[in-house]
2 protein chains.
Amino acid sequence: MRADKARNREAVLAAVARLLEEADDPDEVSMDAVAAAAGVGKGTIFRGFGDRRGLIRTLYDDRVAQSLAPTPPTAESPSDAAVELLTRVWTFKEQHRGLTLALEREGQGSPYQSAGYDRLHADLVSLITRGRGPENAGFLAHALLAAVRSDLVEHLRRQPDGDPLAGLRDLVRQVFS
Amino acid sequence: MRADKARNREAVLAAVARLLEEADDPDEVSMDAVAAAAGVGKGTIFRGFGDRRGLIRTLYDDRVAQSLAPTPPTAESPSDAAVELLTRVWTFKEQHRGLTLALEREGQGSPYQSAGYDRLHADLVSLITRGRGPENAGFLAHALLAAVRSDLVEHLRRQPDGDPLAGLRDLVRQVFS
DNA sequence: ACCATAGCGGACTATCGGTCCGCTTAGGAA
DNA sequence: TTCCTAAGCGGACCGATAGTCCGCTATGGT
């Protein structure tokens, strides 16, 4: 890869990350604004990332690799493992609110076709099956993941209502009981 | 109100309802398409409903008044009342998938500032408080409502995974237990 | 029958995501 | 160091969309 290409790639990712976190709403961040902030032409972005979804997914994968990759499997009960998994997702979305809001709004507005979702869902189904049996495991996994959707995280950040992580633990333990 | 205004209002509401249910994705339904289908000019729509959100909210309120208004309160336990409430919401969103998908995608993508949401949340908080106490009631109510979000309803309609209403009953009973 | 005006509607604007192609420059070869 | 080729750049451009505006129409009270 040519040096200027790599340099521009990093500049674009840094620019979009900053703009997403600064904006109230991800839709306010236009591709033109990203190009201007990165100091590159708009064509460079679309050539390097395909389209808006590709740019956001690339940044997301990047941040996931940084924050979520080191998973020391502290062996526990399925219930505790689910609590830990969902807590990790929640805090990740708190730390990357703009990015995760944008990600869940792409894919024609539904987060259910992102590659990461299927993986999380499958893991949760496995934990639920081991913890309480297979009845309704698919739906319950969806429901638990719905409780950590980024716009709910954002909503509770703006108008707090108790301790969400405590509520999340409570929810998971009830489901597994 | 002049007769032509009332006539156009009904034509627009009928057109947008039809187009939303026919479309795979609510974003495919443009305001131009609604105007053409209703046989009116685009200005007529924006004068009568303000903007896209206003049009969708008006249609939603209309349908809610038709389908959800007659609430015969079959007095039961808080848990059963919550099951009934959420089941009613689920089936409403199944019956009006295009409309509810569109509604939850307006409001800058978050359903949490719709007037109807606060009402449902308050009702659920009350039921949860009576059924299991006030701890985490706010969060748990949000989580239960997240389990009936329209894009999850739609996702499970497209790729079924067990009986969602059975799963929903299961979830609510666990939360209340 | 008349006419003031509520209401109409489509041309217009602003802005967006995405495309395209002539120009620039990186970086291996000689 | 020089040269040359193609990888890469970037901004003018396009099509679509939500929303605006204003000259015209037709409603319904007088």
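Keep in mind that this is a model prediction, so the values were computed, not measured. First the proteins, then the strands, lettered A, B, ... as listed; each starts at 1.
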A.B. asks: Just the rounded figure in Å: distance from P of D:dA16 to CD of B:E28.
C.D. replies: 14 Å
A.B. asks: Which is true for B:A3 with a 4.0 Å heavy-atom rule: it touches a base, it touches only sugar-phosphate, or it touches nothing?
C.D. replies: sugar-phosphate
A.B. asks: From CD1 of B:I45 over to C1' of C:dG7, roughly how many Å is that when rounded to an integer?
C.D. replies: 15 Å
A.B. asks: Would you say a side-chain N or O of A:N8 is under 4.0 Å from OP1 or OP2 of D:dC9?
C.D. replies: yes
A.B. asks: Do the non-hydrogen side-chain atoms of A:I56 and A:R53 ever get within less than 4.5 Å of each other?
C.D. replies: no
A.B. asks: In this structure, how many angstroms lie between the C1' atom of D:dG15 and the CG atom of B:D27, rounded?
C.D. replies: 17 Å
A.B. asks: Hey, which of these two, B:R52 or B:R7, hits DNA chain D nearer its 5' end, going by closest nucleotide?
C.D. replies: B:R52
A.B. asks: Start at the 5' end of DNA chain D and walk down; is the nucleotide closest to B:G50 or to A:A6 reached first?
C.D. replies: A:A6
A.B. asks: Please work out if A:R2 contacts a base, only the sugar-phosphate, or nothing of the nucleic acid, heavy-atom cut-off 4.0 Å.
C.D. replies: base
A.B. asks: I'd like to know if B:R47 reaches the base of D:dG19 with its side chain such that a donor and an acceptor end up less than 3.5 angstrom apart.
C.D. replies: no
A.B. asks: Any idea which of D:dG19, D:dG10, C:dT19 is nearest the A:K42 side chain?
C.D. replies: C:dT19
A.B. asks: Can you list the steps and then say if A:D51 with A:R57 is a salt bridge (charged side-chain N to carboxylate O under 4.0 Å, His left out)?
C.D. replies: CA-CA 10 Å; A:D51 58 9; A:R57 278 205 53 89; over 6 Å; no
A.B. asks: So does A:D80 pair up with A:R169, basic N to acidic O under 4.0 Å?
C.D. replies: no
A.B. asks: In this structure, how many angstroms lie between the P atom of C:dG7 and the CZ atom of B:R9, rounded?
C.D. replies: 13 Å
A.B. asks: Under 3.5 Å, is there a donor on one side chain and an acceptor on the other for B:Y117 and B:H142?
C.D. replies: yes
A.B. asks: Closer to the 5' end of DNA chain C via nearest nucleotide, is it A:V29 or A:T44?
C.D. replies: A:V29
A.B. asks: Any side-chain heavy-atom pair from B:R132 and B:L140 closer than 4.5 angstrom?
C.D. replies: yes
A.B. asks: Starting the side chain at C-beta, find the nucleotide from C:dG18, C:dC8, D:dA18 nearest to B:F46.
C.D. replies: D:dA18
A.B. asks: For the side chain of A:M31, counting heavy atoms from C-beta on, which of D:dA18, C:dG17, D:dG8 is nearest?
C.D. replies: C:dG17
A.B. asks: Rounded to whole angstroms, how far apart are NZ on B:K5 and C1' on D:dT27?
C.D. replies: 13 Å
A.B. asks: How close or far is atom P of C:dT19 from atom CG of A:D32, stated in whole angstroms?
C.D. replies: 14 Å
A.B. asks: Would you kindly give the CG-to-C1' distance between A:D51 and C:dG17, to the nearest whole Å?
C.D. replies: 9 Å
